Amino acid sequence: MAARIVVGLACIMVILRLSEAAVYKVGDSAGWTTIANVDYKLWASTKTFHIGDTVLFEYNPQFHNVMRVTHTMYRSCNNSNPISTFTTGNDSVTLTNHGHHFFFCGVPGHCQAGQKLDLNVINPTSSRPLSDPPISSDSSSPSSPPSTTTIPAAGVPGPSPSHAASLPNSAVAVVAALVSCLFANFSY
């Protein structure tokens, strides 16, 4: 009985943490582009990123892409050996660990023009501020569902792009199933 209570409380804590995950549209309404003169460094500095948050890159895939790179590659806009490349125009990346995550557009000249992003995911021991709500995407977003990839911070090899469900949604389903099984045998 005590073990069931502990497992139940652990499940509730996981659900509460997952419900805090935010989705941020990179560049807000402008998206991922060179046309709108978005200051992505300023954009990132106004957000507080946490493990489990998702960043959404929306862009025209005929003119842009997203490359995840190391810090050295980011600083020099070197796109010769990216950690991963995204090309759908509607790409979601779930942040799975703290530290810096580096991205830029690999189209020649775009990174040098400022289409680059350094996200700093805070240490998980820090608490989430209440003043930093997620950015919801506007109605002009593409109708196709975003591709989702869960990647660790730069310097750690990440998986190849995937069209699978994001970690928070699958984790919620797993936790819900565990809670259901846990309490199915309780007699009142």
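We're numbering straight along the sequence, starting at 1. These numbers come from a predicted model, not from an experiment.
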CG-CZ distance between L119 and R68, expressed to the nearest 0.5 angstrom
11.0 Å
Within the 4.5 Å heavy-atom criterion, are F104 and Y40 side-chain neighbours or not?
no
If I compare all heavy atoms of K116 with all of R75, which pair ends up nearest, and what's the gap?
NZ-O, 4.0 Å
Which distance, rounded to the nearest 0.5 Å, do you find between the NE2 of H64 and the NE2 of H110?
5.5 Å
What distance do S92 atom OG and K25 atom NZ have between them, rounded to the nearest 0.5 Å?
11.5 Å
Over 60° means perpendicular and under 30° means parallel, so classify the ring planes of Y24 and F49, tilted if in between.
perpendicular
Identify, with sequence neighbours excluded, every residue that meets ring pair (Phe, Tyr, Trp, His ring centres under 6.0 Å) alongside F57.
W32, F103
ILVMFWY cluster, W43 and V93 together (side-chain gap under 4.5 Å):
yes
Heavy-atom closest contact (H50 atom, V121 atom, distance):
C-CG1, 3.6 Å
Interatomic distance, D28 atom CG to K47 atom NZ [nearest 0.5 angstrom]:
4.5 Å
From Q115 atom CD to T34 atom OG1, the distance as rounded to the nearest 0.5 Å
5.5 Å
Under the side chain to side chain contact (heavy atoms under 4.5 Å, CB included) criterion, do N78 and V69 qualify, and how do the steps go?
CA-CA 9 Å; N78 175 355; V69 295; over 6 Å; no
Does any non-hydrogen side-chain atom of M73 lie less than 4.5 Å from one of F102?
no
What are the two closest non-hydrogen atoms of T88 and N90, and how far apart are they?
OG1-N, 3.0 Å
Is C77 close enough to C111 that their SG atoms are under 2.5 Å apart?
yes
Sequence neighbours left out, what passes side chain to side chain contact (heavy atoms under 4.5 Å, CB included) with A36? Give chain and number order.
A30, T33, V38
Looking at every heavy atom in both D53 and A22, which two are closest together, and how far apart are they?
OD1-N, 2.8 Å
If you measure from CG on D91 to OG1 on T85, what distance do you get to the nearest 0.5 Å?
10.5 Å
Here the pair of heavy atoms bringing T96 nearest to I51 is O-CG2, 3.6 Å
Do you know which two heavy atoms are closest between A44 and D118, and how far apart they sit?
CB-O, 3.7 Å
Please name all residues satisfying side chain to side chain contact (heavy atoms under 4.5 Å, CB included) with T72, sequence neighbours left out, ordered by chain then number.
T70
Checking N120 now: which residues fulfil side chain to side chain contact (heavy atoms under 4.5 Å, CB included) with it, not counting sequence neighbours?
H100
N65 side chain reached by C105 side chain, heavy atoms, under 4.5 Å
yes
